[in-house]
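Data block below; observations after.
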Amino acid sequence: MIFNSISALGAFIINVISGLGVFSKFTWELFCKSGIALRRPRLVIDQVHFIGNHSLLIIAVSGLFVGFVLGLQGYNTLSMYGSEEALGLLVALSLVRELGPVVTALLFAGRAGTSITAEIGLMKAGEQLAAIDVMGISPLRRILAPRLWGGVIAMPVLGAIFSAVGIIGGWVVGVLMINVDAGSFWAQMQNGVDVFSDVGNGLIKSVVFGFAVMLIALFEGWYAKPTPEGVSRATTRTVVRSSLAVLGLDFLLTAVMF
């Protein structure tokens, strides 16, 4: 029994190390073949539109309701200390530093990440990637690289939209519904939010999360088994691994930045 447990643990560790090696090799090859993003920017622009436009509605609606909740919860907490005027600062810092990049990345993984994985997996199952390779065109350069950079560009934009809509939601609840002074709401926000240390770090988080989500989505689609069951499992792994990667990277980046 003990021998079997040790053997299973060893096999698991070997599989994890092997998987990390394959992922690192895939990432390196993809970056080396990303020059098409500069030579043919139209391919990247099309992916920015496809990924960002299709994710915009869920990002905006989610940001609005997160702002509503922050306005209510923030007011209840601040009123205990007589600091209701700082509601705008609380909402803005919560969204710009943490909730904006993190929640956007999680929604992005669930919406765009699974879509990219399924698309690549189905192209592999239909032998479209093999056909492109036979014609002398690298699928990594023509198919995967534009999607990588399109997602990386779209992610910070969606994060900014999420934070902006969330702040508007907090203003609606705090100022229009609870009657917090509008001047104090905006003044506290303007004085307390720093462009570089707060907005800039949130932007960096969004870019890092975009890289993580897109690399995992493309990797899972590229190595998915060319069967319906294989593609479905790959999309499930994309959501799980992207979410864990986003939360882990968020802790590391927060520890370094703040």
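The figures here come from the full heavy-atom set of this structure, side chains too, leaving out hydrogens, waters and symmetry mates.
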What are the two closest heavy atoms between L249 and V208, and how far apart are they?
-> CD1-CG1, 4.0 Å
So, does S232 use its side chain to make a donor-acceptor pair with the main chain of E229 at under 3.5 Å?
-> yes
Same cluster for F196 and L95 if Ile/Leu/Val/Met/Phe/Trp/Tyr side chains link at under 4.5 Å?
-> no
Heavy atoms of D194 and S197 approach each other most closely as OD2-N, 2.8 Å
In terms of hydrophobic clustering (I, L, V, M, F, W, Y; side-chain heavy atoms under 4.5 Å; direct or indirect links), are V172 and Y75 co-clustered?
-> yes
In terms of hydrophobic clustering (I, L, V, M, F, W, Y; side-chain heavy atoms under 4.5 Å; direct or indirect links), are L93 and V102 co-clustered?
-> yes
Within-4.5 Å side-chain heavy-atom neighbours: V199 and L203 | no
Which heavy atom of V246 sits nearest a heavy atom of F209, and at what distance?
-> O-CE2, 3.6 Å
Distance from L30 atom CG to S138 atom OG, nearest 0.5 Å?
-> 9.0 Å
Ion pair check, E98 and K205, cut-off under 4.0 Å = yes
Which value, rounded to the nearest 0.5 Å, describes the distance between R40 atom CZ and I45 atom CD1?
-> 12.0 Å
Smallest heavy-atom separation, I51 atom then G150 atom, equals CD1-C, 4.3 Å
Under 3.5 Å, is there a donor-acceptor pair between the side chain of S115 and the main chain of R111?
-> no
To the nearest 0.5 angstrom, please state how far the CD1 atom of I143 sits from the CD atom of Q128.
-> 8.5 Å
Of V69, L70, L64, the one forming a side chain to side chain contact (heavy atoms under 4.5 Å, CB included) with V66 is L70
Donor-acceptor pair, side chain of K124 and main chain of W222, under 3.5 angstrom | yes
Would you say F31 has more than 12 foreign heavy atoms packed within less than 6.0 Å of its CZ?
-> yes
Report the C-alpha separation of V213 and M155 in whole Å, then their side-chain angles, then the decisive distance to 0.1 Å, and conclude whether the side chain to side chain contact (heavy atoms under 4.5 Å, CB included) test is met.
-> CA-CA 10 Å; V213 172; M155 178 66 193; over 6 Å; no
Ring geometry between Y223 and F219 (parallel below 30°, tilted from 30 to 60°, perpendicular above 60°) | tilted
Counting distance only, does the side-chain N/O of S18 pair as donor-acceptor with the main-chain N or O of I14 below 3.5 Å?
-> no
Between R141 and I137, is there a donor-acceptor pair closer than 3.5 Å when you use the side chain of the first and the backbone of the second?
-> no
Note, R237 side chain near I216 side chain (heavy atom, < 4.5 Å) = no
Do V165 and L72 belong to the same hydrophobic cluster, where Ile, Leu, Val, Met, Phe, Trp and Tyr are linked whenever their side-chain heavy atoms lie under 4.5 Å apart, directly or via other members?
-> yes
Test log, rule side chain to side chain contact (heavy atoms under 4.5 Å, CB included), inputs L144 and R147 = CA-CA 5 Å; L144 271 65; R147 285 164 173 78; 5.8 Å; no
Spacing of F162 atom CZ and L99 atom CG [to the nearest 0.5 Å] | 6.5 Å
Is the count of non-hydrogen atoms from other residues, nucleotides or ligands lying under 6.0 Å from R233 atom CZ greater than 12?
-> no
Verify the neighbour count for atom CD of E127: are there more than 12 heavy atoms of other residues, nucleotides or ligands below 6.0 Å?
-> no
Just how far is it from atom OG1 of T77 to atom CG of L90, taken to the nearest 0.5 Å?
-> 7.5 Å
Inter-residue atom distance E119.CD - L218.CG, 0.5 Å rounding = 9.5 Å
Going by the side chain to side chain contact (heavy atoms under 4.5 Å, CB included) test, name the single residue among D181, N191, I167 that passes it with W186.
-> I167
Pair F211 + W149: ring centers closer than 6.0 Å = yes
Which atoms form the tightest heavy-atom contact between I116 and M214, and what is the distance?
-> CG1-CE, 4.1 Å
Would you say the side chain of I120 lies within less than 4.5 Å of the side chain of L129, judging by non-hydrogen atoms?
-> yes
Looking only at heavy atoms, which two atoms of E29 and L140 are closest? And how far apart?
-> OE1-CD1, 3.8 Å
Has M80 got more than 12 heavy atoms of other residues, nucleotides or ligands less than 6.0 Å from its CE?
-> no
Are W28 and L215 joined in one hydrophobic group, where the rule is that I, L, V, M, F, W and Y side chains link up if heavy atoms are under 4.5 Å apart?
-> no
Take atom NE2 of H54 as the centre, draw a 6.0 Å sphere, and report whether it contains more than 12 heavy atoms from other residues, nucleotides or ligands.
-> yes
Can any side-chain N or O of T104 pair as donor or acceptor with the backbone N or O of P101 at less than 3.5 Å?
-> no
